[in-house]
There are 2 protein chains.
Amino acid sequence: MASQTEENYLKALFNLANPAGEVNISELANQMNVSMPTVNSMVKTLQKNGWVIYQKYKPVQLTPEGQKTAALVIRQHRLTEMFLVNKMGFGWEEVHAIAEQVEHIHAPKFFERMDELLGFPTIDPHGSPIPDKMGRIKETHYVCLDTCEAGQTVVLAALTNSSTEFLEFLNSRNLSLGTQITIHSKETYDQSMVVSYLQNERETLSEKVCEKLLVRIIGE
Amino acid sequence: MASQTEENYLKALFNLANPAGEVNISELANQMNVSMPTVNSMVKTLQKNGWVIYQKYKPVQLTPEGQKTAALVIRQHRLTEMFLVNKMGFGWEEVHAIAEQVEHIHAPKFFERMDELLGFPTIDPHGSPIPDKMGRIKETHYVCLDTCEAGQTVVLAALTNSSTEFLEFLNSRNLSLGTQITIHSKETYDQSMVVSYLQNERETLSEKVCEKLLVRIIGE
DNA sequence: CAATTTTGTTAGATTAATCTAACTTTATAC
DNA sequence: GTATAAAGTTAGATTAATCTAACAAAATTG
Ligand SMILES: [Mn+2]
Ligand SMILES: [Mn+2]
Ligand SMILES: [Mn+2]
Ligand SMILES: [Mn+2]
């Protein structure tokens, strides 16, 4: 059974993997906030446990078992976030740090019960997909708001970044998942957009914000 | 901040303390399922952190800070058990192992929210008192069923042992907290009792069972 | 393509939590 | 009250997870 530390490395590998499934030692060290030698020794441990493939000086790759283990921890993280928001009244900006701890609890029934009580959700409070019990993730096909055009109507569906600061910014602008947004114009100089939604008329969103919003296009 | 391991030692010390607040090294080793040298080195660590008083060859004692830290972990354990039973539909025999892990989560808001949603309970699903936010425990004065007399009517209030096996035994006999029990007789030979409650008429409870049941006397 | 920079590895140390073996102190029992 | 037993300590080793310093390989770049 994976230790908490190992589970955190597996999650990081899962999230950092490029299309070929590869992750560099330096990226992983950076993500985990540890030194490269620490990562070097940890990937050897992960390999011994059958979770990664690794050769000196080559990028690391999760094995199928590694992928599944990682996906199940991510499942527990996202179910926890959903439970905290929908059943315990937390805000979407408060739940990540708690879920980061709860995800490591070894008690399948605990998470199955959450899943049931939540009605088997497929996305978490930030719009990220919740892997199923087999570790499979349903692919979503959202587009980034910054690639949208003036005149389009879209619905906010997910975020590419869920930091507390960004979520608090979205709260301050009254933006939440499911909000329907009309794009009035896009400034070619700085890629900012003027949009309207709910009571917010002609709100300007900077490129920095737009590039973190994933939407479904529903009109024009 | 206490590590998970340290928190578990503090809980054990809290629970093992005799009226003078003392715990022997061997008792603690036995409770924690580790060797005496392990305990010896751990109590030195706990002392360095200000949680215990300790002198070579003397029993260990929690300091007031140690007591408070222990009580707050116990609070989190018992709130979790209550939440699992009352809000998530678990049976009282299923929750201890999960709570043993959840109790170590560092997120005061998480447990405050549980407390609120539960309506600020003062006892857990096994009748044990839940310490308040200051670590204070409200004293209860129950009597052990095996000290009761024929003819008395009592209400099951708490247990001195909450092992899964014992809880499953109680489930099989339809016994739960709050059940009103009438004592018909007490066998002087083996201390067993013949009792009635709910639909269960003239049920025999062995000494081994009676000594684990704490009751409030309500009649005769 | 050689020089330099970046990335990755090895070696060796540290800290927490554990163990066994050997020894010492305290308690118990004739 | 000495002998034995029980309880407790010390010493030294182990494993997981981390670090820094030194070195090596790979990538970049003029
Ligand atoms: Mn999260
Ligand atoms: Mn985590
Ligand atoms: Mn318990
Ligand atoms: Mn515990």
Side-chain angles (χ1 to χ4, degrees), chain A residues 1-14 16-18 20-62 66 69-70 73 100-101 103-106, chain B residues 1-14 16-18 20-62 66 69-70 73 100-101 103-106:
Chain A
M1 196 151 49
S3 70
Q4 256 183 239
T5 306
E6 288 167 334
E7 288 184 347
N8 284 333
Y9 277 92
L10 291 176
K11 274 205 314 173
L13 283 164
F14 193 96
L16 291 173
N18 67 17
E22 298 170 333
V23 180
N24 295 322
I25 302 293
S26 58
E27 292 175 276
L28 189 48
N30 182 59
Q31 173 79 14
M32 294 298 297
N33 267 295
V34 297
S35 67
M36 286 204 295
T38 298
V39 170
N40 181 271
S41 86
M42 181 52 74
V43 296
K44 288 173 181 170
T45 303
L46 296 178
Q47 183 171 44
K48 216 174 299 157
N49 291 319
W51 291 315
V52 303
I53 298 168
Y54 169 63
Q55 283 173 283
K56 257 194 187 185
Y57 298 109
K58 295 272 159 61
V60 199
Q61 264 185 297
L62 284 172
T69 305
V73 178
E100 203 57 51
Q101 299 176 67
E103 67 186 3
H104 301 293
I105 288 173
H106 290 290
Chain B
M1 197 152 45
S3 69
Q4 259 184 235
T5 306
E6 288 167 336
E7 288 183 348
N8 284 332
Y9 277 93
L10 292 176
K11 273 204 316 172
L13 283 164
F14 193 96
L16 292 172
N18 67 17
E22 298 170 334
V23 181
N24 295 324
I25 301 294
S26 57
E27 292 176 277
L28 188 48
N30 182 59
Q31 172 79 13
M32 295 297 297
N33 269 292
V34 297
S35 67
M36 286 205 295
T38 299
V39 170
N40 181 271
S41 86
M42 181 53 74
V43 296
K44 288 174 182 172
T45 303
L46 296 177
Q47 183 170 44
K48 215 173 300 157
N49 291 319
W51 291 314
V52 304
I53 298 168
Y54 169 62
Q55 283 173 283
K56 258 192 188 192
Y57 299 107
K58 295 272 159 63
V60 199
Q61 263 185 298
L62 284 172
T69 305
V73 178
E100 203 55 52
Q101 299 176 65
E103 68 187 2
H104 302 293
I105 287 174
H106 290 291

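Quick note on labels: first sequence line is chain A, next is B, and so on, each numbered from 1.
Two residues are said to be in side-chain contact when any heavy atoms from C-beta on lie closer than 4.5 Å; T69(A) and L62(A) fail this criterion. Residues T5(A) and Y9(A) are in side-chain contact: their nearest non-hydrogen atoms beyond the backbone lie under 4.5 Å apart. Proximity of M42(A) to V39(A): side-chain heavy atoms (C-beta onward) are nowhere separated by under 4.5 Å. Put simply, the side chain of L13(A) reaches to within 4.5 Å of the side chain of L46(A), judged on heavy atoms.
Rounded to whole Å, atom C1' of dT7(C) lies 13 Å from atom CG of N30(A). Look at CG on N40(A): it is 13 Å from C1' on dA24(D), rounded to the nearest Å. The CD-P distance, from Q55(A) to dA25(D), rounds to 16 Å in whole Å. One can place CD of E27(B) at 13 Å from C1' of dG8(D), the figure rounded to the nearest angstrom. We find that CD of E22(B) is positioned 16 Å from P of dA7(D), with the value rounded to whole Å.
No donor-acceptor pair closer than 3.5 Å links the side chain of E103(B) to the backbone N or O of N8(B).
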Close N or O pairs between protein and nucleotides 24-27 of chain C (under 3.5 Å):
none

Indicate every side-chain donor-acceptor pair of residues 23-37 of chain B with a distance under 3.5 Å to a residue at least two apart or in another chain.
residue, atom, partner, partner atom, Å
N24(B), ND2, E27(B), OE1, 3.4
E27(B), OE1, N24(B), N, 2.7
S35(B), OG, T38(B), N, 3.4
S35(B), OG, T38(B), OG1, 2.9

Original post:
Which letters describe nucleotides 17-23 of chain D, given B = protein heavy atom under 4.0 Å from base, S = only from sugar-phosphate, - = neither?
Top reply: SBBBB--

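Rounding to the nearest 0.5 Å places CD of E22(B) at 10.0 Å from CD1 of I53(B).
When only modelled atom types and interatomic distance are considered, H104(A) and Q4(A) share no side-chain donor-acceptor pair under 3.5 Å.
In this model, the phosphate group of dT10(D) is approached by a side-chain N or O of K44(B) to a distance below 4.0 Å at OP1 or OP2.
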